[in-house]
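Notes for the one structure printed next.
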There are 2 protein chains.
Amino acid sequence: MSLNLEDIAKLAGVSRSTVSRVINDRSDVSESTRKKVMRIIDEHNFRPNLAARTLVTQRSKVIGTLLPQSPTALSSLYFPNLLEGIGDTTHQRDYATLLWWGQSGEEEQRFTKRILQKNQLMEGLIIAAHTLDNSLIQRIFETKIPFVMVERPAIFNDQINYVTVDKVAGAKTPVEHLINLGRRRIGHITGILVNVDGMDRLTGYRNALERHNLPMDPDLIVEGHFNQKFGYLGMKQLLKQGVDAVFAGNDDSAVGALQALREARVRIPADVALVGFDDVTSALDFAPQLTTIHQPIRQKGALATALLLDLIEGKVKSPQHILLPTHLVIRQSCGA
Amino acid sequence: MSLNLEDIAKLAGVSRSTVSRVINDRSDVSESTRKKVMRIIDEHNFRPNLAARTLVTQRSKVIGTLLPQSPTALSSLYFPNLLEGIGDTTHQRDYATLLWWGQSGEEEQRFTKRILQKNQLMEGLIIAAHTLDNSLIQRIFETKIPFVMVERPAIFNDQINYVTVDKVAGAKTPVEHLINLGRRRIGHITGILVNVDGMDRLTGYRNALERHNLPMDPDLIVEGHFNQKFGYLGMKQLLKQGVDAVFAGNDDSAVGALQALREARVRIPADVALVGFDDVTSALDFAPQLTTIHQPIRQKGALATALLLDLIEGKVKSPQHILLPTHLVIRQSCGA
DNA sequence: AAATTAATCGGGAACGCTCCCGAAAATATT
DNA sequence: AATATTTTCGGGAGCGTTCCCGATTAATTT
């Protein structure tokens, strides 16, 4: 039904090979025939069959992106920002992205199976699924398909490509900032603690307290889920314990906490100071503006993808580790 | 480097065809040889080359999903929910999804070109890009690739497959609800007015006022962007005009409005009642809970995808229109 | 003008699969 | 026991490209 190279060749009065050369922008074809062929191609809106091309070149120009179970994942601006970064690079380098996000309730087994089944199509993987458990990383690792993790994995640290930000330092900075402002009872609403990301932030919190010889009260640490709801609930709990400052695991948690504070008619930052993490505040720029740690999420996505494509194209070799810096953004909620 | 059918066949002592039969789960192969072949396949972790299969079958089991420019698009829970629905169906029917989200600043021309270039790979398209302009719809339409729009397009209404919800009625209901509760100066923070979706909600608002013989004060209509920021700014503006109720174009706008109301120490719902639209409140379940119009977003994604796959598989034929119902969810913010 | 080199092009082979058709083997029927 | 039928399997052809190699033509050099 649709045309192929041979058809175009016939119409243009040249050979299949010549048409192929034109399409692939080869140099060994005269300007006149190139024009002639081009005209026919445009006229018929011809597009080469990608399956055939992939079959012979072994290149698909398609990568895959793995995201965590959607409800948790996509409720924050973090992933949209990351996707933007991934898009920056794929767009620029003319790749397309197969998106995989685990179905809620789907067993991870089936999830990987689905992915692996299509693995011939994808030349590499961006893995931003922090909830993915280690055995899956292992299985993907075994397939030898190139992949880059966004955020450091819990295992294989040194054998695996990843890009991350310095979170331990990142999480220490905001807490130290609060301490320097005279706060003494600083609560922490954690992230998801089964992943490295959440743990790192907690570690940073602990380090800061320790360093300043402040007591570590376990009641001041409540477990969150990187989302508004648990930020809200966590803050309510912390209010009962009495705090004069809170470090939220991410900005979403902080926004939830903000709601709880307002509801309790607690003044921010006078009574309780608040800092977040991520700086995904584009949608949140209303008062009081959130003091937070900025991490270059979009850039993280872009660099991870660039690394992956370089790996695929053989420009660099595994393993590569990229560490991006973070910095404190002082706004109103911390009282500085 | 990697094995092919012939290799497996040799190892199993059968023919290429037989291996193919086993892989495709055909019936005309004896149980014993099936087992034998299966063992070899598992042992070597063999996966058939998808490009080759696609080349001959003309089927890729891959669809594409078009999302609007990411910053606007992905900042709301709407799209994540939609993606979940799409995932429900693709997962269940064993398809994969190529995701396209316009790069900010990318001209639409280039965007479609990128998509069309890979169109051989995709058997169909889900178009949920409300910002996409009509000429692109036209071009995609011309390629004859099956596609389903989420939300009714501005043109080609009757020739195009789409799934949508009854928004005019949907938007009338909340406003009528507010009127019935005795509110008289009802403001509206609109959605994006260049798309049908935003317009429909505005129309619903107008219809309700008209029907109840309430004056239509243009000052009570402020343009929003379906996001928190513009909800916040819009609400500030409406407060100057004096309102006793507000219908926000979507829940994100409503949350922004909530912030503005709190900041101004306006009581909700005593002084100003508030209703939203979408019911993407999973992350927003803190006080005061938002009265809103529920629309089955996830189901919308799932049905759109199911329709697309049916179209692809020839089970139904174009054009198909699916209209889903909405309903008012009464919580605290409206004062009922 | 002849010989050499460079530019341009055509056709065969291969990529790894599915599908068709016919052959062989196993089973059922007379 | 011979024939007919069914089950099971093998091999050839073809999907639409790219790549290699060799041939033809054009341009350059001697």
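These values consider heavy atoms only, across backbone and side chains, with no hydrogens, waters or symmetry-generated copies. Every chain is numbered from 1, with letters handed out A, B, ... down the list of sequences.
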Item checked: Nucleotide nearest A:Thr18 when distance is taken to its side chain, options C:dC19, C:dG10, D:dT18 -> C:dG10
Check: Is B:Ser17 touching bases, backbone alone, or none of the nucleic acid, heavy atoms closer than 4.0 Å?
Finding: base
Checklist line | A:Arg39/A:Glu43 under salt bridge (charged side-chain N to carboxylate O under 4.0 Å, His left out): CA gap, chis, key distance, verdict | finding: CA-CA 6 Å; A:Arg39 210 170 49 77; A:Glu43 233 165 57; 3.1 Å; yes
Checklist line | Phosphate-side-chain proximity, B:Asn24 and C:dT18, N/O vs OP1/OP2 below 4.0 Å | finding: yes
Notebook entry, point to check: Which nucleotide in the set C:dC19, C:dG16, C:dC20 lies at the smallest distance from any side-chain heavy atom of B:Arg21?
Noted result: C:dC20
Note to self: Rounded to whole Å, please give me the gap between CG in B:Asp28 and P in C:dC19.
What the structure shows: 11 Å
Note to self: Counting the atoms with a prime plus P, OP1 and OP2 as sugar-phosphate, which does B:Arg59 contact under 4.0 Å by heavy atoms, base, sugar-phosphate, or nothing?
What the structure shows: nothing
Margin query: Once you apply a heavy-atom cut-off of 4.0 Å, does A:Thr33 come out as touching a base, just sugar-phosphate, or nothing?
Written below: sugar-phosphate
Next item on the list: Side chain of A:Ser15 only, please: which of C:dG11, C:dT18, D:dG16 is the nearest?
Entry: C:dG11
Next item on the list: Ignoring the backbone of A:Phe46, work out which of C:dT18, D:dT17, D:dC9 is nearest its side chain.
Entry: D:dT17
Margin query: Testing the basics here: between A:Ala9 and A:Arg16, what is the closest heavy-atom pair and its distance to 0.1 Å?
Written below: CB-N, 3.4 Å
Checklist line | Donor-acceptor contact below 3.5 Å, side chain A:Thr89 vs main chain A:Ile86 | finding: no
Checklist line | Of the listed nucleotides D:dC15, D:dT17, C:dG10, the one nearest the side chain of A:Pro48 | finding: D:dT17
Next item on the list: Describe the nucleic acid contact of B:Arg26 in one word from base, sugar-phosphate, nothing, applying a heavy-atom distance below 4.0 Å.
Entry: sugar-phosphate
Next item on the list: Answer with yes or no whether A:Arg16 presents, from its side chain, a donor or acceptor under 3.5 Å of a partner atom in the base of D:dT18.
Entry: yes
Notebook entry, point to check: Is the backbone N or O of A:Ser60 less than 3.5 Å from a side-chain atom of A:Glu123, with the two atoms forming a donor-acceptor pair by type?
Noted result: yes
Check: Reckon A:Asn4 has a side-chain N or O less than 4.0 Å from the OP1 or OP2 of D:dG16?
Finding: yes
